[in-house]
Amino acid sequence: MYAAATESLIKQAREIKEEELQRFCGRIFKLLHTKDISGDTVDSLQRLNLIVSATKYARELPSDLVMKLQTVLRSSSCPEQLQVLCSSIIRESFPPSVHSLCSDLSHDSRIFSYVASVVLTQVSHMLFIISLYQVNLVSRKLVDWLRYASMQQGASMSSGGFFSGPRTRQPAPLTEVDGVVMGNFFTVLCVGQSYTEDQWMNMHTFSMIKSWLLTYDTDGTTNTESDDRSEVDSSVMSMVSATSSSSRLLPPKERLREKAFEYCQRLIEQSDRKALKKTDTELQKACIVESVSIMDIICGEDPSYVYRAFPCIKALYGRLNGDLTYARALLPIAQFYLNHSETAAVDSEAVFCQLFSHCPAEQFNEPMLAFEFVQFCLLNASVLQDRVANYRQSFPNLLKFLAWNSSGLIAEFVELLPSLIAPDTAIELLHTILDLPCLAAALDLQQRSACYHASDRPTWDQQGEKVAACLDAFRQPFYRGLFLYILRPEAGTGDTIDRLKMLHEILADMAESPRVVRCAQVVPVLLHVYFNTVTQVRVTNERSGHLIHYCDFDCRVFSAHLQALCRLHPPLIVDQSREILEFASSPANIYSKEDFYTHVVWVIGEHLSVSYDPRCRVELITSFFESLEAVLFEITQVRQSASPPRFSPRLITVLMTTLAKLATRSQDLIPRVSLCLSKMRTFAHSAPVMVCYSEEDTEEIITRAHELINLLKLPNVAQFVLAPSARGDGPRWHRDTNASLPQGMRAVSGLLHRHSSFLPT
């Protein structure tokens with residue numbers, strides 16, 4: 001954390017108004033035109049540097065001041081302190097200054113270094129305004145810094161004793177991270193007490209070479225190269241690109257690739273050394289990631305490098321595979337295999353099997369790895385679907401990242417989820433999404449189990465006691481199968497539906513865990529994405545009694561998509577008739593899940609028809625009718641002691657309409673439904689209902705019952721009106737006057753005019 005005084009200065013710098021900034025810039029412009037540079041000038045430049053650096057966005061400075069800062073930067077007589085300040089201000093300011101800085105590049109090494117730092121910072125945005133000559137000039141300089149930096153440490157000052165002044169030590173050799181004297185060219189993994197200027201530029205160059213290569217290859221100038229390629233025949237080009245000894249014959253772009261490739265190979269070799277310091281070990285990991293990424297770019301730009309790179313990459317993978325501390329380094333290696341394994345005819349199945357099976361299962365609790373892993377999947381989703389067999393099968397593992405890091409990865413998984421949906425695993429994926437809170441609880445128990453000690457139990461609070469009870473269940477062999485399924489690495493390894501209630505009971509004490517609660521909030525979002533993606537899928541209703549243990553929004557999500565799913569797959573009602581009938585025949589579901597229950601009743605009336613499924617026989621229709629009839633009778637009984645209804649009038653009208661629809665498909669039921677509908681007026685005018693419902697609500701119930709009774713007096717017409725053909729949404733049924741729908745509408749219209757009793761009074 002910053003000190004209070006420092007935080008105050010940063011806050012002032014961020015909040016400075018534009019008018020005040022422009023006045024301050026004008027003052028600095030005048031100070032820079034004086035002959036003698038005073039301390040006031042330095043102080044003002046330091047304040048301006050703080051202002052432009054304190055915000056995430058670039059502050060716009062007056063163009064005349066920017067030009068003056070560039071002049072000072074390129075002046076050989078200017079003090080170095082001012083050049084450092086000018087370079088820092090220009091890097092952070094707007095508009096970019098690449099073009100004017102590159103128009104007259106100095107050969108002074110110190111000035112060139114400061115100018116290069118500005119160019120390299122702004123290159124990814126402004127390369128298109130640099131001419132090919134200027135780009136080639138910078139590329140040549142990058143090659144020198146990257147490959148030919150000094151082999152000795154920089155000079156350092158040491159005390160010469162009390163009576164003598166400081167003296168300069170003789171340059172000492174640089175060492176590798178394991179302490180061995182460096183025997184090859186300098187890289188960022190070479191260790192020294194101090195560094196020369198070109199060694200610092202070597203480090204800067206490596207830090208931005210990836211962005212430079214990407215931009216340089218796509219800016220439109222890389223295909224001209226007439227001033228360089230004209231000197232070298234294409235056949236010679238292909239020959240010399242394979243040997244570094246002839247690399248000086250290459251044009252600047254190819255030569256930069258060659259040296260960058262050699263540099264990355266050297267870093268990968270250096271990363272195999274055992275570092276003496278932990279910080280150097282972390283640096284080795286970072287260098288592996290960056291080096292493999294750079295080699296991937298180079299091979300993409302020039303496929304001839306693929307054959308040189310693969311032996312190195314394969315050896316690196318063999319060394320890192322199985323070492324969890326290098327899990328993040330496996331992602332760029334996997335990217336390399338994904339991009340180039342076909343070119344080199346290399347089998348990559350083992351790489352991706354290891355990646356998707358072990359990394360998420362064993363390191364789901366590493367936030368940075370989780371983010372980078374999901375980003376890798378997002379970047380390559382289409383390729384992974386086509387070429388990696390176990391990608392879609394690995395969703396139980398991938399969802400572990402979300403279960404543990406739900407708040408930070410929800411946006412990424414909303415985008416990623418559609419790529420994981422496949423016809424053969426769609427149902428299991430749906431169940432896994434619903435089980436996400438259970439997965440979060442199981443992962444928590446798995447982590448705690450590894451460090452749980454029974455001796456700690458007496459010191460736990462009440463919440464700790466609940467967790468301890470869950471831990472005991474987690475360790476019991478009787479429940480092992482349940483937890484193995486929830487923590488499975490891939491799809492197709494079992495099912496927990498029969499024992500889902502037992503699992504919820506085991507994990508009930510963890511329902512208030514913050515991680516479980518966050519996952520429960522994520523589930524509805526994923527369900528919306530899932531149902532919006534699915535086109536042909538059988539969604540079972542067997543979960544309806546259990547899926548609300550963690551989140552009240554799940555039923556709302558199912559309600560919103562149930563109609564669309566049944567419209568896409570009408571046989572679903574018959575396929576799951578037993579479960580749906582069990583759910584719909586229980587009035588208790590009305591009071592706990594009314595909206596979902598109402599939608600279920602509606603789809604029964606809409607899709608339980610032989611026109612949608614030939615298996616829909618009279619016996620099945622009668623079973624649904626009798627169950628819904630009993631429900632309607634129970635909730636509309638009029639008793640003196642009855643309490644006001646706790647359900648909406650909409651539910652009553654949907655139940656009445658569904659019963660009438662079912663009766664038209666088995667006309668023996670029409671008298672029964674007519675009798676049931678005739679009692680609705682008495683129900684609507686009862687005291688408990690009048691207290692609860694408005695006059696408009698009761699009138700709606702009476703009107704709907706009256707309309708249905710009149711319509712059922714003509715069963716054939718009622719069947720046409722209440723159960724239209726499944727093809728009724730086609731254009732022909734509305735435009736062709738010879739089709740049955742227009743004729744039917746005319747017949748109904750005529751009947752309504754002749755029989756005024758059809759209209760409500």
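- Taking the ring-ring contact (aromatic ring centres under 6.0 Å, His included) definition, one finds that F401 meets it with F373, sequence neighbours left out.
- With no hydrogens or angles considered, a side-chain donor-acceptor pair links R488 and T432 at under 3.5 Å.
- A search for side-chain contact (heavy atoms from CB on, under 4.5 Å) contacts involving S627 returns L581, S585, not counting sequence neighbours.
- Side-chain atoms of K400 come within 3.5 Å of backbone N or O of L487 as a donor-acceptor pair.
- Nearest heavy-atom pair, A403 versus C519, reported as atom, atom and distance to 0.1 Å: O-SG, 3.2 Å.
- Evaluation of the side chain to side chain donor-acceptor pair (under 3.5 Å) rule for S609 yields S611 as partners, not counting sequence neighbours.
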Derivation of the side chain to side chain contact (heavy atoms under 4.5 Å, CB included) call for H607 and V574: CA-CA 9 Å; H607 298 290; V574 178; over 6 Å; no
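- Rounding to the nearest 0.5 Å gives a distance of 9.5 Å between CG of L443 and CD1 of I486.
- No donor-acceptor pair under 3.5 Å is formed between the side chain of S586 and the backbone N or O of F583.
- Here the straight-line distance linking atom OH of Y597 with atom CG of N589 works out to 7.5 Å at 0.5 Å rounding.
- Using a 4.5 Å cut-off on side-chain heavy atoms (C-beta onward), F364 and L398 make no contact.
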Evaluate the criterion side chain to side chain contact (heavy atoms under 4.5 Å, CB included) for residue pair L416 and E412; output intermediate values, then yes/no. CA-CA 6 Å; L416 181 65; E412 286 74 16; 5.9 Å; no
Set out, in order, the CA-CA distance, both residues' side-chain angles and the distance that settles side chain to side chain contact (heavy atoms under 4.5 Å, CB included) for L429 and L399, then state yes or no. CA-CA 10 Å; L429 176 57; L399 285 171; 4.3 Å; yes
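- Partners of R615 according to the salt bridge (Lys or Arg N to Asp or Glu O under 4.0 Å) rule, which considers only residues two or more places apart in sequence or in another chain, are D575, D613.
- Rounding to the nearest 0.5 Å gives a distance of 10.0 Å between CG of D435 and CD of E428.
- The ring-ring contact (aromatic ring centres under 6.0 Å, His included) search around Y391 returns F356, not counting sequence neighbours.
- Annotation for D444 and S513: closest pair OD2-OG, 4.1 Å, computed over non-hydrogen atoms.
- Looking at heavy atoms from C-beta onward, T657 lies out of side-chain contact with E707 at the 4.5 angstrom threshold.
- Checked by atom type and distance alone, the side chain of S449 never pairs as donor or acceptor with a backbone atom of Q446 at under 3.5 Å.
- By the side-chain contact (heavy atoms from CB on, under 4.5 Å) test, P645 is found to be paired with F647, V689, C692, Y693, residues two or more places apart in sequence or in another chain being considered.
- You'll find the side chain of F531 reaches within 4.5 Å of the side chain of L430, heavy atoms only.
- E362 pairs by the side chain to side chain donor-acceptor pair (under 3.5 Å) definition with H358, not counting sequence neighbours.
- For Y479, the side-chain contact (heavy atoms from CB on, under 4.5 Å) partners two or more places apart in sequence, or in a different chain, are A473, Q476, L482, F483, M502, I506.
- No donor-acceptor pair closer than 3.5 Å links the side chain of Y530 to the backbone N or O of V525.
- Side-chain contact of H706 with N710: a donor-acceptor pair under 3.5 Å is present, judged by distance alone.
- Using a 3.5 Å distance cut-off with no hydrogens or angles, the side chains of D697 and S694 do pair a donor with an acceptor.
- Taking each heavy atom of L402 and L436 in turn, the nearest pair found is CD2-CD2, 3.9 Å.
- Judged by distance alone, with hydrogens and angles left aside, the side-chain atoms of R704 form no donor-acceptor pair with the main-chain N or O of M656 at under 3.5 Å.
- Here the CG-OG distance, from L712 to S674, works out to 5.0 Å after rounding to the nearest 0.5 Å.
- Proximity of T533 to L417: side-chain heavy atoms (C-beta onward) are nowhere separated by under 4.5 Å.
- Closest non-hydrogen pair, A684 versus M690, comes out as O-SD, 3.4 Å.
- To the nearest 0.5 Å, atom CD1 of residue I433 and atom CG of residue L439 are 12.0 Å apart.
- Residues satisfying the side chain to side chain donor-acceptor pair (under 3.5 Å) criterion with N405, sequence neighbours excluded, are absent altogether.
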With side chain to side chain contact (heavy atoms under 4.5 Å, CB included) as the test, would you mind laying out the steps for M510 and L445 before giving the verdict? CA-CA 10 Å; M510 298 195 68; L445 292 175; 3.5 Å; yes
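- When side chains are defined from C-beta on, N380 counts as touching F376, because their heavy atoms get closer than 4.5 Å.
- Residue pairs meeting the salt bridge (charged side-chain N to carboxylate O under 4.0 Å, His left out) criterion with at least one member in residues 660-680, sequence neighbours excluded, are E606-K661, E626-R672, E629-R672.
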Evaluate E594 against S648 for side chain to side chain donor-acceptor pair (under 3.5 Å), listing each step before the verdict. CA-CA 8 Å; E594 181 187 333; S648 66; 2.5 Å; yes
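- Applying the 6.0 Å contact sphere to OH of Y591 captures more than 12 heavy atoms from other residues, nucleotides or ligands.
- Taken from CD1 in I635 to CD1 in I590, the straight-line distance is 4.5 Å, to the nearest 0.5 Å.
- Of all heavy-atom pairs between A511 and V517, the closest is O-CG2, 3.5 Å.
- With V601 as reference, V654 is the one residue of I580, L659, V654 to meet the side-chain contact (heavy atoms from CB on, under 4.5 Å) rule.
- The minimum heavy-atom distance between N390 and F352, with the atom names listed, is ND2-O, 3.5 Å.
- Two residues are said to be in side-chain contact when any heavy atoms from C-beta on lie closer than 4.5 Å; F625 and T658 fail this criterion.
- Taking the salt bridge (Lys or Arg N to Asp or Glu O under 4.0 Å) definition, one finds that E366 meets it with nothing, sequence neighbours left out.
- The pair E490-R392 does not meet the salt-bridge criterion, since no charged nitrogen lies less than 4.0 angstrom from a carboxylate oxygen.
- Counting heavy atoms from C-beta outward, L662 and S666 have side chains that stay 4.5 Å or more apart.
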Quick one: do R515 and S406 satisfy side chain to side chain donor-acceptor pair (under 3.5 Å)? Show the steps, please. CA-CA 8 Å; R515 181 168 282 111; S406 56; over 6 Å; no
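- You'll find the side chain of Q667 reaches within 4.5 Å of the side chain of N716, heavy atoms only.
- Every side-chain contact (heavy atoms from CB on, under 4.5 Å) that T636 has, sequence neighbours left out, goes to L632, I652, M680, F683.
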